[in-house]
Amino acid sequence: HEIPVILLPKAKLIVDDYEWLTYQKEMTSRIELIKQPTDKFFGFQIDGNSRFLLGDFTVTHNTSLAKLGIANCLQDENGVSRPFSFIAIGGSAMHNLAIAMHLMGDVVTGSDDEIFHPSKGRLMKYGLLPSNIGWDVSKIHDQLEAVILGMHARLDNPELIKAQQLGLKIYSYPEFIYEKTKFKKRIVIGGSHGKTTITSMILHVLNYNGIIHDYMVGAQLDGFECMVRLSDDAKIAVLEGDEYLSSPIDPRPKFHLYQPTIGLISGIAWDHINVFPTFQSYVEQFDIFANLIKDSGYLTVSYTHLRAHET
């Protein structure tokens, strides 16, 4: 549904060295309403700027007041921020997400039954390395904001079982990335090979032109401290789209969860045969990926690769 509205654009008027805000000629615009799932706060966007509706129907600005409202939602009755717990925090992608959230001010805990370098050293640098290696059910409790589950964990993982028993919100890694970027333009790079290279080229172009963006890359790139960036100010998110499974309890390929605005398939060569036993079942995942792009979006396919072109 669309609601027509009248906007009064503001302009600066300088009189005797004082700046005054005045209103110019009215202009007509509209607000588009899109139904969203029920959550702890209600938000919407106007021209790409996130805004929130308060109890007295005041529309907040998209910066400090909105952030304050979100922060309050993530706090308990004592004003303490509720933590996120990572099951299998030592993964190459998982530890980068944990660091990114830590840098944004979120409280992060986690555990794993094995953590190797470079993940181990980087988690240690940010104070996120678990004090003991192994699963720790004491880290799963009803005061958590959510649990983020890595693919390394198994279905019988004791922390996962406890989180399910408590009815906690459990995100897979890609599901959480989507949750943080669902109001942004998502550029998702898929394909059997070359995903990291293509993603890094896009990041270089955006950086060179000073365009603020979020990103998620599966491998460490030179010049980047953390391979995940999630922010409030970026309107674009560039995501490397892996076709492997999302988590032990979610068998969907990761790149199916990102719902791209713009998608790219570099090429298709049968991979992950332990999950996709036939070539046709593997190709079908890219068909699904392509069909997830909205009608207003774009898909770029490698014309030099016949299989990708046929998808």
Handout entry: Within one Ile-Leu-Val-Met-Phe-Trp-Tyr cluster: M94 and L123, side-chain cutoff 4.5 Å
Key = yes
Exercise for the section: Provide the closest heavy-atom pair for I177 versus L97 in the form atom of the first, atom of the second, distance. Expected result: CD1-CD1, 4.0 Å
Practice task
Show your reasoning for whether side chain to side chain contact (heavy atoms under 4.5 Å, CB included) applies to F224 and N207.
Solution key: CA-CA 12 Å; F224 287 80; N207 285 330; 3.9 Å; yes
Could you go through residues 272-279 and list every donor-acceptor pair under 3.5 Å that involves a side-chain atom there, pairing it with any protein atom two or more places apart or in another chain?
unit_1, atom_1, unit_2, atom_2, d
N274, ND2, Y244, OH, 3.3
T278, OG1, S281, N, 3.1
T278, OG1, S281, OG, 3.1

Problem - Nearest-0.5 Å distance that lies between atom CD1 in I187 and atom CG in D214 - result: 11.5 Å
Handout entry: Interatomic spacing from CD in E175 to OH in Y258 - rounded to 0.5 Å
Key = 11.0 Å
Exercise for the section: Report yes if the side chains of K185 and K235 come closer than 4.5 Å at any heavy-atom pair, otherwise no. Expected result: no
Problem - Same apolar cluster: L239 and I265, side chain cutoff 4.5 Å - result: yes
Completion exercise
Heavy-atom nearest pair, F289 first then L264, reads CE2-O, 4.0 Å
Problem - Transitive ILVMFWY side-chain link F86 to V147, under 4.5 Å - result: no
Exercise for the section: Indicate, with yes or no, if F286 and I189 share a hydrophobic cluster defined by side-chain heavy-atom contacts under 4.5 Å among Ile, Leu, Val, Met, Phe, Trp and Tyr. Expected result: no
Handout entry: Side chains of D271 and H193, donor plus acceptor under 3.5 Å
Key = no
Handout entry: Min side-chain heavy-atom separation K195-E243 under 4.5 Å
Key = yes
Problem - Note: R252-D250 ion pair, threshold 4.0 Å (strictly below) - result: yes
Practice task
Give the ring-plane orientation class for H152 versus W135, where under 30° counts as parallel, over 60° as perpendicular and anything between as tilted.
Solution key: tilted
Practice task
Determine which pairs satisfy ring pair (Phe, Tyr, Trp, His ring centres under 6.0 Å) with at least one residue from residues 158-180, sequence neighbours left out, and list them in order.
Solution key: F84-F176, Y171-F176
Fill in the blank from the handout: Between E240 and G218 the two heavy atoms that sit nearest each other are OE1-N, 3.0 Å
Exercise for the section: Carefully, step by step, assess S200 and V217 under the rule side chain to side chain contact (heavy atoms under 4.5 Å, CB included). Expected result: CA-CA 8 Å; S200 65; V217 188; 5.9 Å; no
Exercise for the section: Could you check Y126 against L103 for side chain to side chain contact (heavy atoms under 4.5 Å, CB included), going step by step and ending with a plain yes or no? Expected result: CA-CA 9 Å; Y126 290 98; L103 293 175; 3.7 Å; yes
Problem - Main-chain N/O of A234 paired to K184 side chain as donor or acceptor, under 3.5 Å - result: yes
Exercise for the section: Identify the residue among I115, D112, D136 that makes a side chain to side chain contact (heavy atoms under 4.5 Å, CB included) with P130. Expected result: I115
Practice task
Using modelled atom types only, decide if a donor and an acceptor are shared between the side chain of K254 and the backbone of L245 within a distance under 3.5 Å.
Solution key: yes
Exercise for the section: Taking all non-hydrogen atoms of both residues into account, name the closest pair between S172 and L257 and its distance. Expected result: OG-CD2, 3.7 Å
Exercise for the section: Report the distance from atom CD1 of I87 to atom CE of M151, rounding to the nearest 0.5 Å. Expected result: 13.5 Å
Exercise for the section: Could you grab the distance from atom CD1 of I140 to atom CD of Q164, nearest 0.5 Å is fine? Expected result: 11.0 Å
Practice task
Kindly indicate whether the side chain of E159, heavy atoms from C-beta on, has any atom under 4.5 Å from the side chain of S111.
Solution key: yes
Completion exercise
Here the gap from Y215 atom OH to C226 atom SG, rounded to the nearest 0.5 Å, amounts to 6.5 Å
Problem - Sub-4.5 Å side-chain heavy-atom contact between N157 and P248 - result: no
Practice task
State the OG1-NE2 distance between T109 and H141, to the nearest 0.5 angstrom.
Solution key: 6.5 Å
Handout entry: Residue Y298 excluded, over 12 heavy atoms near OH under 6.0 Å
Key = no
Practice task
Before giving the answer on side chain to side chain contact (heavy atoms under 4.5 Å, CB included), spell out for M101 and I148 the whole-Å C-alpha distance, their side-chain angles and the decisive distance to 0.1 Å.
Solution key: CA-CA 12 Å; M101 293 176 62; I148 301 176; 3.8 Å; yes
Problem - Hydrophobic cluster membership, M104 vs L144, 4.5 Å side-chain cutoff - result: no
Practice task
Measure from the side-chain N and O atoms of K162 to the backbone N and O of V137, and report whether any donor-acceptor pair falls under 3.5 Å.
Solution key: yes
Handout entry: Heavy-atom pair of closest approach, residues I170 and L149
Key = CG2-CB, 4.0 Å
Practice task
Would you name the heavy atoms of L128 and V108 that are closest together and state the gap between them?
Solution key: CD2-O, 3.9 Å
Problem - Residue list, side-chain hydrogen bond (donor to acceptor under 3.5 Å, both in side chains) with S192, at least two apart or on another chain - result: Y282
